[in-house]
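Report on the structure given below.
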Amino acid sequence: MPLVPMRVMLDHAAENGYGIAALNVNNMEQIQAIMEAAKETDSPVIVQASRGARKYTNDAYLRHLMLAAAELNPNLPIAMHQDHGNSPATCISAIEQGFTSVMMDGSLTEDGKTPSSYQYNVKVTREVVDYAHARGVTVEGEIGTLGGIEDGHGAGGTGLEHVTDPVQAEKFVADTGVDALAVAIGTSHGAYKFAQKPTGEVLKMTVIEEIHRRLPNCHLVMHGSSSVPRELVDLINKYGGKMKESYGVPIEEIQRGIKHGVCKVNVDTDNRLAITGAIRKVFAELPDKFDPRDYMGPAREAMKKVCVERMVAFGQAGNAGKIKPRTCRQMVGFYKPKGARK
Ligand code: G3H
Ligand code: 13P
Ligand code: ZN
């Protein structure tokens with residue numbers, strides 16, 4: 001089937017009380033790992049590419065990898081999502097490349113680091129919503145900012161400086177018309193989120209609960225949601241890595257979020273850890289190897305295992321076949337204001 005707008009999947013997830021992992025992709029093995037995991041668990045798939053990923057791969061390679069995933073898995077709905085679009089231009093170029101969903105992250109200015117004003121955020125997000133919805137493409141916005149700048153987007157700090165204000169979230173959704181809303185609850189991107197297992201003081205799940213109470217029909221998104229499994233960090237360090245002790249977002253907290261309106265859960269770091277651990281192991285144990293397949297194969301397998309675990313834990317497993325797919329073209333009518341002629 002053709003790539004599916006993310007909104008179709010999020011609607012199904014919300015109606016049926018599960019979440020969908022949004023998994024970042026930068027190369028062929030990562031797409032293969034995700035698709036193998038989805039096939040094994042009958043899961044709908046959200047694949048996302050950051051600006052950095054698009055630059056690293058080149059859009060044409062990325063697009064064809066996605067088309068290959070769809071061709072090889074005709075029964076699995078797949079959405080292709082722009083992660084942290086930093087400007088309308090980035091989102092528009094993604095749509096031109098066939099992405100079926102975009103994130104306009106106007107919580108930060110175009111540099112991806114500086115917190116923006118509410119007015120700026122509304123303006124750029126509204127612009128993308130108008131452009132994308134006219135083409136049936138889904139839009140995710142963000143209000144509040146994540147901490148850290150170690151990987152990708154973030155405003156620095158601990159993540160507690162710009163936690164989402166639920167009142168402002170409600171207004172933002174009304175002002176922009178986004179399909180999904182990323183909220184800031186104290187997480188940050190990358191491996192170093194919390195110095196100890198997070199309590200409600202630093203991981204503010206109650207903020208999600210309050211936003212969901214105010215916006216029961218809005219699909220919420222948790223970014224920075226890798227769990228940073230101890231065993232993956234230990235494996236990396238066992239084979240020569242030098243990662244500091246760290247804690248991520250516990251799976252049970254994500255499951256709590258899913259009970260309160262979270263439909264999309266962004267996970268990238270856990271897959272990076274799995275890949276790195278597997279490659280380090282081969283390099284350390286089999287130093288005579290030099291064929292990339294000897295270490296990229298185990299890396300792909302290790303990432304697949306993480307993806308399967310998340311797909312099962314978030315509840316998306318078993319749902320691929322239950323989603324009635326729609327194309328972007330079919331979604332144009334869904335967004336057209338009632339009474340509009342064309
Ligand atoms: O935004 C965070 C994701 O993990 C993507 O990271 O910008 O390094 O590709 P990236
Ligand atoms: P992690 O770094 O926790 O995997 O978060 C990924 C993310 O939010 C991508 O947008
Ligand atoms: Zn993110």
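First listed ligand is number 1; within each ligand, the first listed atom is number 1. A quick note: this is a predicted structure, and the numbers were derived from the prediction, not measured.
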### Task
Just let me know how Ser225 lines up against ligand 2, side chain, backbone, both or neither, with a heavy-atom cut-off below 4.0 Å.
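The answer is the backbone.
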Among [options], which residue places a heavy atom closest to [atom]?
atom	options	value
atom 1 (O) of ligand 1	His84, Lys55, Arg54	His84
atom 9 (O) of ligand 1	Ser50, Ala53, Gly52, Gly112	Ser50
atom 2 (O) of ligand 2	Asn24, Thr269, Val249	Thr269
atom 8 (O) of ligand 1	Gln48, Met103, Arg272	Arg272

### Task
Check the angle between the aromatic planes of His189 and His84 and answer parallel, tilted or perpendicular using the 30° and 60° thresholds.
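If you compare the ring of His189 with that of His84, the planes turn out perpendicular.
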#### Entry: Location of contacts on Asn266 toward ligand 1, heavy atoms closer than 4.0 Å
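No part of Asn266 comes within reach of ligand 1.
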### Query
What part of Thr269, side chain, backbone, both or neither, has a heavy atom within less than 4.0 angstrom of ligand 1?
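Neither; no heavy atom under 4.0 Å.
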### Query
What's the ND1-the Zn ion (ligand 3)-NE2 angle here (His223, His189), rounded to 10 degrees?
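ND1 of His223, the Zn ion (ligand 3) and NE2 of His189 span an angle of about 140°.
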### Query
Of all the atoms in ligand 1, which lie at a distance below 4.0 Å from a heavy atom belonging to Asn24?
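Selected atoms, number and element: 3 (C), 5 (C).
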### Message
Show the atoms of ligand 1 that are less than 4.0 angstrom away from any heavy atom in Asp83.
### Response
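This gives 1 (O), 3 (C) as the contact atoms.
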In ligand 2, which numbered atoms sit nearer than 4.0 Å to a non-hydrogen atom of [X]?
X	answer
Gly190	2 (O)
Lys193	1 (P), 2 (O), 3 (O)
His223	8 (O), 10 (O)
Gly224	1 (P), 3 (O), 5 (O), 7 (C), 8 (O)
His84	10 (O)

### Message
Tell me if the aromatic rings of Phe283 and Tyr239 count as close, with their centers under 6.0 Å from one another.
### Response
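Judged by ring-centre distance (under 6.0 Å), Phe283 and Tyr239 do not meet the cut-off.
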### Message
Suppose we call two aromatic rings close when their centres sit under 6.0 Å apart. Are Tyr18 and His12 close by that rule?
### Response
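Yes, ring centres under 6.0 Å apart.
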Compute the shortest N/O to N/O distance between [X] and ligand 2 and return yes if it is under 3.5 Å, no if not.
X	result
Asp270	no
Val267	no
Ser188	no

### Query
Is the shortest side-chain N to carboxylate O distance from Glu301 to Lys305 below 4.0 Å?
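Looking at Lys305 together with Glu301, the answer is no, because their closest N to O distance does not fall below 4.0 Å.
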### Message
If you measure every N or O of Asp268 against every N or O of ligand 1, does any of those distances drop under 3.5 Å?
### Response
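Yes.
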Evaluate whether atom [atom1] of [X] has more than 12 neighbouring non-hydrogen atoms of other residues, nucleotides or ligands under 6.0 angstrom away.
X	atom1	answer
Gln196	CD	no
Glu252	CD	yes
Tyr61	OH	no
Lys204	NZ	yes
Arg214	CZ	yes

### Any donor-acceptor N or O pair under 3.5 Å, side chains Arg272, Ser226
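Distance-only check fails for Arg272 and Ser226.
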### Message
For the CZ atom of Arg300 and the SG atom of Cys307, what is their distance to the nearest 0.5 Å?
### Response
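Output value for this atom pair is 12.5 Å.
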### Query
In Å and rounded to the nearest 0.5 Å, what is the OG to CZ distance from Ser43 to Arg310?
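With rounding to 0.5 Å, OG (Ser43) is 13.0 Å from CZ (Arg310).
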